[in-house]
Amino acid sequence: MNILTCDIEDWFHLLDIPATANVENWDNFTSRIHGNVDRLLEIIQLHGHSATFFCLGWVAEKYPEVIRKIDASGFEIATHTHTHQLVYQQKPEQFCQDIRRSICTLEDITGKKVKSFRAPGFSIIPGMPWAFETLVELGIERDSSIFPLARGHGGFATFGSARPAIIECGGGTLKEFPISLGRLWGKQIVFSGGGYYRLLPYRTVQKLTTKSDYLMSYFHPRDFDPEQPVLDLPLFRRFKSYVGLQRAFTKFDRWLAENEFIDMLVADEAIDWDSVPRISVN
Ligand SMILES: [Zn+2]
């Protein structure tokens, strides 16, 4: 199964950059969210796929029409927190308040329960069982915050599964949809979003896709926007953030044409949860 997901945030919601870290400064940036989300919705609908959209509560509060449009298009509205902070830098109470606020904002707009979550930058790392407990407490049933390799903003290399699993934590259980991996040049990589997706030739991405029986993708509206302002980043991050933007949309279009994609709701129903690994995070 191939699962299509997008994190709904603006071009300036990059993590760990002094210029964009402070939520109070976000009003100073000119938003590009409307046009970029429209493009995404159109292309996904054109190919007849479903998708899950992890939306920032901040975006929802400022531009509720964007959330209404995604919802009206028949896509799942999920949460990506309210203010896009790295979870491992938050205190449990801050994390809880931030997600609760995003859930309330999104539910007020759509009138539907929010049941899926993804952490900004996949920033739930080992040794944070409270994060999963908070999600359970807030009524979240499906999580897609596990990046099962080491990475800049955390990652959870010791999770032990790049396939659906049940997370057991103090407060109960969560259905986990980790980011999937592919093998290239003898190395495990994440190819279904981010820099690798844009950097690798199309045929390599397609080959890795065909080989995967579980694929979890992650895109952002800015991933297909070559006109976005370029932020002042260290060289490697600049490369990772902006490489391949020009061709990304054409590649995405072809990828959507050649493969089937579902959202997390459909995937949830298709997975036999009794047969997946149960992983304790306590
Ligand atoms: Zn994000």
Side-chain angles (χ1 to χ4, degrees), residues 3-23 25-26 29 31-34 36-37 40 51-63 66-67 70 75-90 94-95 98-99 101-103 105-106 114 116-125 128 131 134-135 140 142-149 151-156 176-180 190 192-198 216-225 228-231 233 237-238 240-242 245 248 252 263-264:
I3 306 171
L4 190 57
T5 74
C6 305
D7 300 351
I8 296 304
E9 56 191 61
D10 223 316
W11 63 272
F12 49 83
H13 288 124
L14 296 182
L15 291 157
D16 256 348
I17 306 170
T20 61
N22 193 340
V23 183
N25 294 337
W26 290 354
F29 297 107
S31 174
R32 299 180 62 80
I33 198 87
H34 294 85
N36 284 340
V37 168
L40 258 181
T52 291
F53 286 76
F54 295 100
C55 305
L56 271 195
W58 185 87
V59 168
E61 211 167 80
K62 210 162 152 68
Y63 309 111
V66 171
I67 309 304
I70 300 171
F75 298 129
E76 182 191 8
I77 300 289
T79 170
H80 191 43
T81 75
H82 200 83
T83 54
H84 210 248
Q85 302 300 303
L86 290 165
V87 182
Y88 57 74
Q89 288 180 351
Q90 286 181 306
Q94 289 174 313
F95 178 67
D98 199 53
I99 299 176
R101 189 172 166 200
S102 77
I103 291 175
T105 309
L106 294 167
V114 169
S116 305
F117 171 81
R118 172 173 294 149
F122 306 102
S123 56
I124 296 183
I125 58 176
M128 295 171 55
T134 303
L135 295 175
I140 296 295
R142 294 175 287 270
D143 175 67
S144 183
S145 303
I146 298 285
F147 190 96
L149 290 178
R151 77 189 306 262
H153 309 296
F156 206 128
E176 179 60 39
F177 294 76
I179 294 299
S180 52
V190 166
S192 51
Y196 269 119
Y197 181 85
R198 296 195 307 274
M216 170 56 82
S217 65
Y218 65 105
F219 295 98
H220 308 86
R222 65 171 174 268
D223 294 342
F224 308 105
D225 178 12
Q228 68 187 290
V230 173
L231 287 160
L233 298 173
R237 271 201 76 193
R238 183 183 299 217
K240 237 178 69 182
S241 300
Y242 302 118
L245 280 180
F252 189 54
D263 62 14
M264 283 173 58

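Counting starts at 1 for both ligands and their atoms, in listed order.
Less than 2.8 Å away from the Zn ion (ligand 1), the protein contributes these N/O/S atoms: E9 OE1, H80 NE2, H84 NE2.
There is no side-chain donor-acceptor pair under 3.5 Å between S116 and T52.
Minimum heavy-atom separation, V87 to A131: CG1-CB, 4.4 Å. In terms of heavy-atom proximity, D10 sits nearest to S31 at OD2-OG, 2.6 Å.
The main-chain N or O of R118 is never found under 3.5 Å from a side-chain atom of S144 such that the two would form a donor-acceptor pair.
No close placement of the Y197 and Y218 rings is indicated, their centers lying 6.0 Å or farther apart.
The ring-ring contact (aromatic ring centres under 6.0 Å, His included) test applied to H84 returns H13, H80, not counting sequence neighbours.
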